[in-house]
Amino acid sequence: MMCDKNRLKYIPYPPKIERIPNFFSLFELEGLIDAIDNKKQKAIVFTQYCCGLRVSEVIKIKRKDFIKKYDIRSKSFVFDLRIIGKGNKERMIPVPDYCLKAIRDYWDKEKPEDRHEEYLFRGQFGGHYSAKSVQLVVAAALGKMGYTKKASTHTLRHSKASHLHHAGADIQDIADLLGHANVETARIYSHSDT
């Protein structure tokens, strides 16, 4: 009788533990935004939350990525944001008016010397703002407001998805907004409590 030398392959894997993502309440989110004094940094964090973006996506927004269109229902012009996400997948995200206001506040205050700069959030030495800088801004704001739970820039994305789910949004719509190819990836937000 032959003996299988690799007996480990017969041991079953334990079931995968599905973790519910941490997210900010609306009150905590407001505290986080208020704890940021710099208008550019505030606009970056606010845009990341409002549009449910990854930090790598928000820092690479170009001015040409805003697409103006006429909305028949509201009888006014609205903006969509064209995002090239993971796997080079393109998605269009509606930009709320309050997010546009934060971006305009930053743009009017900063008045970047090179108005032909392609990136919306310019870095200190040109090009786009760095992901590490955004992470440091969020960490500093969380410390300033006395937030003790584990959180990062990605918590903003989880917060947007959770808030949409609590407001009654369809899981498929949330998956589309976040750029998930599989709706099952977005299903974790259906387990979060208000």
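The structure displayed is predicted, hence computed values, not measured ones.
No donor-acceptor distance shorter than 3.5 angstrom exists from the side chain of Arg157 to the backbone of Gln48, with no hydrogens or angles considered. In terms of modelled atom types and a separation under 3.5 Å, the side chain of Lys160 and the main chain of Ile174 share no donor-acceptor contact. A donor-acceptor pair under 3.5 Å is formed between the side chain of His166 and the backbone N or O of Ser162. A donor-acceptor pair under 3.5 Å links the side-chain atoms of Asp65 to the main chain of Lys62, judged by distance alone. Judged purely by atom type and a 3.5 angstrom limit, Glu28 uses its side chain to pair as donor or acceptor with the backbone of Ser25. A donor-acceptor pair is defined here as one N or O able to donate and one able to accept, closer than 3.5 Å; such a pair exists between the side chain of Lys42 and the backbone of Ile36.
For residues 83-94, the side-chain hydrogen bond (donor to acceptor under 3.5 Å, both in side chains) pairs, not counting sequence neighbours, are Glu57-Arg91, Arg82-Glu90.
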Compile the donor-acceptor pairs under 3.5 Å between side chains in residues 136-153 and protein atoms, sequence neighbours left out, one pair per line.
unit_1: Lys144; atom_1: NZ; unit_2: Ala35; atom_2: O; d: 3.2
unit_1: Lys144; atom_1: NZ; unit_2: Asp37; atom_2: OD2; d: 3.1
unit_1: Ser152; atom_1: OG; unit_2: His154; atom_2: N; d: 3.2

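Glu30 places none of its side-chain heavy atoms less than 4.5 Å from the side chain of Phe24. Asp97 has its side chain out of reach of Phe79: every pair of non-hydrogen atoms, C-beta onward, lies at least 4.5 Å apart. In this structure, Thr155 and Ser159 have side chains that are in contact, with non-hydrogen atoms separated by less than 4.5 Å.
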Evaluate Leu120 against Trp107 for side-chain contact (heavy atoms from CB on, under 4.5 Å), listing each step before the verdict.
CA-CA 9 Å; Leu120 179 66; Trp107 195 255; 4.3 Å; yes

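To the nearest 0.5 Å, the span separating SG on Cys51 from CG on Leu178 amounts to 11.5 Å. Rounding to the nearest 0.5 angstrom, the gap separating the CG atom in Asp170 from the CG atom in Leu177 is 12.5 Å. How far CD1 of Ile44 is from CD1 of Ile61: 9.0 Å, rounded to the nearest 0.5 Å. Between atom NZ of residue Lys109 and atom NZ of residue Lys39 there is a gap of 7.5 Å, rounded to the nearest 0.5 Å. Atoms OH and NZ, on Tyr98 and Lys101 in that order, are 13.5 Å from each other to the nearest 0.5 Å. Atoms CZ and CG, from Phe46 and Leu156 in turn, are 11.0 Å apart once rounded to the nearest 0.5 Å.
Classification of Asp71 and Lys75 as a salt-bridged pair fails, no side-chain N sitting under 4.0 Å from a carboxylate O.
Closest of all the heavy-atom pairs between Asp80 and Pro94 is OD1-CA, 3.3 Å. For the pair Phe121 and Ala43, the tightest heavy-atom approach, listed with the atom from each and the gap, is CE2-CB, 3.8 Å.
There is no path of hydrophobic side-chain contacts, each under 4.5 Å, that joins Val78 to Leu100.
Counted within 6.0 Å of OH on Tyr70, heavy atoms from surrounding residues, nucleotides or ligands total more than 12; the atom is thus considered enclosed.
Seen from the ring of Phe77, Lys68 counts as a face-on cation partner, given the 6.0 Å and 45° thresholds.
The ring of Phe23 has its center no closer than 6.0 angstrom to the ring center of His158.
Checked by atom type, the side-chain pair Tyr129/Gln124 shows no donor-acceptor distance below 3.5 Å.
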